[in-house]
Every structure is written in C-alpha cells, then in structure tokens.
Amino acid sequence: MAENKHAEATIITIFGGSGDLTWRKLMPALFNLYLDNRLPEHFHIHGLGRQNYADTEYRKRLHEGVNKFSRRGKANPKIWEKFSSHISYCPADFAKPAFYTKLKKDIEAMEKEWEKPITRIFYLAIPPGIIEMISINLGKAGLVKDVLKNRVVVEKPFGHDLQSATTLNKKMLSIFKECQIYRIDHYLGKETVQNIMAFRFANALFEPLWNRNFIDHVQITVSEKIGVEDRGGYYETAGALRDMIQNHLLQLACLIAMEPPLSFAADEVRNKKVDVLNAVRPVTPQEVHNFAVRGQYGEGWIEGKKVKAYRDEKNVDAHSNTETFAAFKFFIDNWRWQNVPFYLRTGKRLQETISVITIQFRPVPHMAFPEESTENWQPNKLILNIQPDMGIRIRFQAKRPGLDMHLIPVDMLFDYSSTYTTGTPEAYETLLLDVMEGDATLFMRADQVEAAWRILMPVINTWAGNPSVNFPNYSAGMQGPEDAEALIARDGKSWIALPFDKKKK
Ligand code: BG6
C-alpha cells in the first residue's frame, strides 16, 4: 500500500483507548485513512485504558467497531489484518508516574527500531477532569519536549466555563507550546463546514453581498432526533449551551462572519475567526431573557416510537434543570455586521436531524410588481446544508409559466450526492490527518475557546441562578419550546421551516 508522503513516521498514543470515542470514531477514521493511503509507512497506534485487553482481544473489539461504524461498512478481513498489526494495547493507571516512564521507554524503543524522525501524537479521548493530570505527567516524563514533533489532541468540552477554560489553558501552556495543542471541534472537520470557506473566498459572486447592506439576518440550526442516550452523566454537567453552542454553533457563525483571510495559514484563519468572537456584543444579565432561550424535552414520539422525558433518562436527576435545547441571539459589533442579528438554535429529541445555515437577504428596495403577482414572494435566501443532506441552495423568485405574471420562489441547488460519486471523509479522518501533518487550521486556539466562553457566561450564570420553572417545556419529536419562536418573532422574523421540500431537490 502506498504511504502518505506528507506525514512522517507517527506513533499515536490514545488515552481512553478502550472508550467509546476510540471505538466509534477514531479507529474507523484511522482505518479509512489507511485505506486511502494517507498513513505513513511507519505508524503505530497504542491504545491505553482502564480495561484489561490482550492485544488480540483489543484488535478484535476495534474490528467490530470499524465494521459497525465505518462509512465504508465492513472491513476487508485481509486489509484489517495488515492494518491491525500496527495496533497494541496497554491497561493503564493514568495517575501513576511510573506508567509514563514505561510509556516513554516503549515509544523510544519503537523510534530506535524505525531509525526515523517520529511524530508523537497523544490523543486525550478521556473525561475533561483528567486532562490536566495527564498533561502534567506527559510533561514530567519528558514525552513532549520536541515542539515540532510532539502533539497533544484534546477533545471538547475544553473547560466548563470561562474560568476553568482559562485555568486549563494556563496549565497546558506551561507544559506545551500552543502549536503542540490540537483542541478538537469536530464540526470544523466536516466536509460541508470546510466548504463554507471555499464558497465565500473562492467565488467573487457572494462576497460583495456579504454584509449588513444586503443581509437581513443569519440563522444556524443544529437539530437532533437523538436524546442523551447513555451520556446522561456527562450531559447533566453540560446542557445544550455548553455542549453545542459554545463550540460547534459559534464556530459555524465565525466561518460565516469572518473577514477574508490573507492566506490559509493556521494562525491567519484563526485570527480572523477570533476577531468575530471578540466583536460579539456582550449581553448583560438583565438582557439574557431577550437573547437566550432554554428548553428541556418531555416524553413524546420520535419516528412512531414513544420516547422518555429527559428527566427519566439514565443518570439524569429527576428534577434536572439542564437544558436540552438552547437558542441564542447575538450581534457582531463591526462594520460588516452592525445590527444584523445572528440566531443560533440547537436541541435534542427534535423533529428532524438536520444542520443548516440560512443567510436571509433583505427584501428588494421597491416592489414594482402588483400585489396579486407577489402573493408567494419571499426575499432571497442562501441555505447551506451541513448534514445529513449536503449542499447549497439559493432561493430566488421566478415567473411561474402561464399567461399571468405570478412570482414564486424557486431553488438553485448544488447537491453533493448528485454532483460527486466519491465518498465524503468523516470529520475525524480530516482532523486526524491534519494532526499528523501538523496543520492546526481546523483546531481551536486558546484565545478562541476563551472568547467563546466569555460570550456565553452571562447566560450560563443567569440560568444557573434561576432554575427554570416550566421544564419540561417541549415534547420529544417537536421543534423545541415556544419561547424559541418568540425569540425570533419579536424581531419580526421566523425560523426557517424544516425539513425542506424534498421534491425541490
Ligand atoms: C457532540 C455533542 O460534540 O456533537 C453531542 O457532545 C452531539 O451531544 C454531537 O450529539 C453532534 O455531532 P454530529 O456530528 O452528530 O452532528
């Protein structure tokens, strides 16, 4: 198999190697990179975890995960055999310094055998509470001394609020240089999300319209049918605002709102994105109710099946105040976006699984057509479909064929599935490859994470201090709480209706 010429010999050490993320996401992604010849000739994947597995057992379990979750379906057994010969496992107590001494020895032995410059990647697929402890131990053991070749990957959530994120950043930056830390927001690895930059900055057509003179408002919806599944314990400490808005939705907003970068160098792109976050108009505690809405699902119906209320889910408090839905409105105080509202909403156990960004343009300045021609008239919309359908849709007015002048909205559609026959890489494939190649563009820098927390702190504090009196306030299978409709209706606008008319495809 031809190897990737860009990535150097690499050892990926996964803390949390026996966990769910490794099983469902990381290993299928690494196997797909292998199938696409994107792994270097010399690579090794070393899983570390609390469970006791022999190497063969561990490989067998990962094989099952790949068969179940890989976008390519079941693995060819012969190819899997070859790939999995690069995988080993070690039961570990991450709190014991002696363990890191052994890890260092193992890694150095491999490096000696390969006689090559080696990239060391330490992937922290572990609960946030132990990131600091593992980082300290990696530092003390001298495992991450090479600034260019030793990298650490950190999963979200990065901190629990502004203070804890700042403290964690400080601690990590006393051990690693910023360029060694890859803070993952997996939305940034999604194909359609990366395409937002291509759409905006590789076309001359849209950028002149991309401002307050032409755009009325922006909406971002990430709606999920699934509930909290078996993550009740984690979710109780998070809620929709921390779990989704602080990271995924604000990052999508940055890609829509950022200024054109001079180049695609990691720091240039991240500078432009953090400028957006820093320009978000602060909300005072007194204003929170006008800018943020929370919801929690009660029991209901999803795809014809009765589903539990959030408070009845496993590991969830029967009186929980945790929000499973959040909507947030904000303004960006700069020349481009002054007074253009951005509306974000996300929730679990909603009617649809769909992620979509809508750019709503302003109405024409003067409507010359008579009223009877324009009954169905709508201002232009640009709809970026992130998932599950991937595509871009421009909605504009056209004359309906016939002897009378009737204007109706029609769509121009770029649809991935009918345009391309090649499969789309999963976000984790893109992101893991970027870590191996040392490209941090799609990862969160310390200041981005902190700026995102700073925006949300007034909401977090207000909600924590005032438990909701009306939870649950939406039934599973609906579109979320009524308050979310009110949030946008107060401004004379409405959320885009979901799902789109499939016939229009
Ligand atoms: C994760 C959240 O970051 O993103 C989950 O913790 C959420 O609660 C998930 O379900 C959504 O990701 P995706 O890629 O399925 O849209």
Side-chain angles (χ1 to χ4, degrees), residues 10-22 26 44-52 88-111 118-185 233-234 237-238 242 246-247 431-432 434-436 438 440 443-453:
T10 302
I11 299 174
I12 305 176
T13 305
I14 307 179
F15 288 77
S18 53
D20 217 44
L21 183 74
T22 307
L26 302 185
H44 189 81
I45 302 165
H46 193 36
L48 310 172
R50 272 177 308 176
Q51 313 274 350
N52 251 322
S88 60
Y89 182 79
C90 181
D93 180 347
F94 301 148
K96 288 214 169 103
F99 162 72
Y100 296 82
T101 318
K102 178 180 177 310
L103 182 63
K104 188 166 180 229
K105 253 196 200 151
D106 292 347
I107 290 178
E108 283 173 354
M110 223 174 297
E111 290 175 345
I118 305 249
T119 302
R120 295 178 186 175
I121 296 171
F122 298 96
Y123 200 116
L124 308 191
I126 37 103
I130 54 175
I131 296 176
E132 185 176 326
M133 178 262 285
I134 294 178
S135 303
I136 292 172
N137 279 315
L138 287 171
K140 276 194 184 151
L143 273 157
V144 287
K145 275 198 243 155
D146 186 335
V147 171
L148 295 178
K149 292 201 185 311
N150 303 158
R151 299 170 196 152
V152 61
V153 184
V154 192
E155 274 291 333
K156 67 163 268 275
F158 195 92
H160 183 70
D161 52 19
L162 177 59
Q163 199 187 344
S164 55
T166 311
T167 308
L168 184 57
N169 271 331
K170 255 198 198 134
K171 190 77 227 177
M172 290 193 78
L173 288 167
S174 71
I175 300 163
F176 312 96
K177 291 273 178 281
E178 176 63 43
C179 65
Q180 293 179 276
I181 308 174
Y182 289 70
R183 298 176 193 80
I184 283 209
D185 180 323
Y234 151 72
T237 65
R242 288 184 167 95
Q246 189 272 344
N247 35 77
L431 296 173
L432 279 162
D434 282 356
V435 179
M436 281 189 268
F443 296 82
M444 305 284 292
R445 215 170 46 188
D447 54 344
Q448 289 176 288
V449 175
E450 289 174 22
W453 279 120

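Remember, predicted model here, so these are calculated numbers, not experimental data.
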Ignoring hydrogens and angles, state whether a donor on the side chain of [X] or [Y] is under 3.5 Å from an acceptor on the partner side chain.
| X | Y | result |
| --- | --- | --- |
| His46 | Ser88 | yes |
| Asn169 | Glu450 | yes |
| Ser164 | Asp161 | yes |

Taking all non-hydrogen atoms of both residues into account, name the closest pair between [X] and [Y] and its distance.
| X | Y | result |
| --- | --- | --- |
| Cys179 | Val147 | SG-CG1, 3.6 Å |
| Gly159 | Leu168 | N-CD2, 4.3 Å |
| Leu21 | Ala125 | CD2-CB, 3.8 Å |
| Leu26 | Leu432 | O-CD1, 4.0 Å |
| Ile175 | Gly139 | CG2-CA, 3.8 Å |
| Ala141 | Lys104 | O-CD, 2.9 Å |

Determine whether a donor-acceptor pair (N or O, by modelled atom type, separation under 3.5 Å) exists between the side chain of [X] and the backbone of [Y].
| X | Y | result |
| --- | --- | --- |
| Gln180 | Lys177 | yes |
| Arg120 | Leu143 | yes |
| Arg242 | His160 | yes |
| Asn150 | Lys145 | yes |
| Tyr182 | Asp434 | no |

Heavy atoms, side chains only, cut-off 4.5 Å: are [X] and [Y] in contact?
| X | Y | answer |
| --- | --- | --- |
| Gln246 | Trp453 | yes |
| Asp185 | Lys156 | no |
| Phe99 | Asp93 | no |
| Val152 | Leu124 | yes |
| Ile131 | Met172 | yes |
| Leu173 | Glu178 | yes |
| Asp447 | Val449 | no |
| Phe443 | Leu431 | yes |

Within this structure, what is the CZ-CG distance for the pair Phe176 and Leu138, rounded to the nearest 0.5 Å?
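Those atoms lie 5.5 Å apart.
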Going from OH on Tyr89 to OG1 on Thr22, what distance comes out if it is rounded to the nearest 0.5 angstrom?
9.5 Å
side-chain contact (heavy atoms from CB on, under 4.5 Å) against Ala451, all qualifying residues, sequence neighbours excluded:
Val274, Leu277, Asn278, Arg454
Is the number of heavy atoms from other residues, nucleotides or ligands within 6.0 Å of CD (Gln163) greater than 12?
no
Between Arg183 and Glu155, is there a salt bridge with N-O shorter than 4.0 Å?
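Between Arg183 and Glu155 there is no salt bridge, as every charged N stays at least 4.0 Å from the carboxylate O atoms.
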Taking only residues two or more places apart in sequence, or in another chain, which ones meet Phe94 in a ring pair (Phe, Tyr, Trp, His ring centres under 6.0 Å)?
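In terms of ring pair (Phe, Tyr, Trp, His ring centres under 6.0 Å), with neighbours along the sequence ignored, Phe94 is linked to Phe15.
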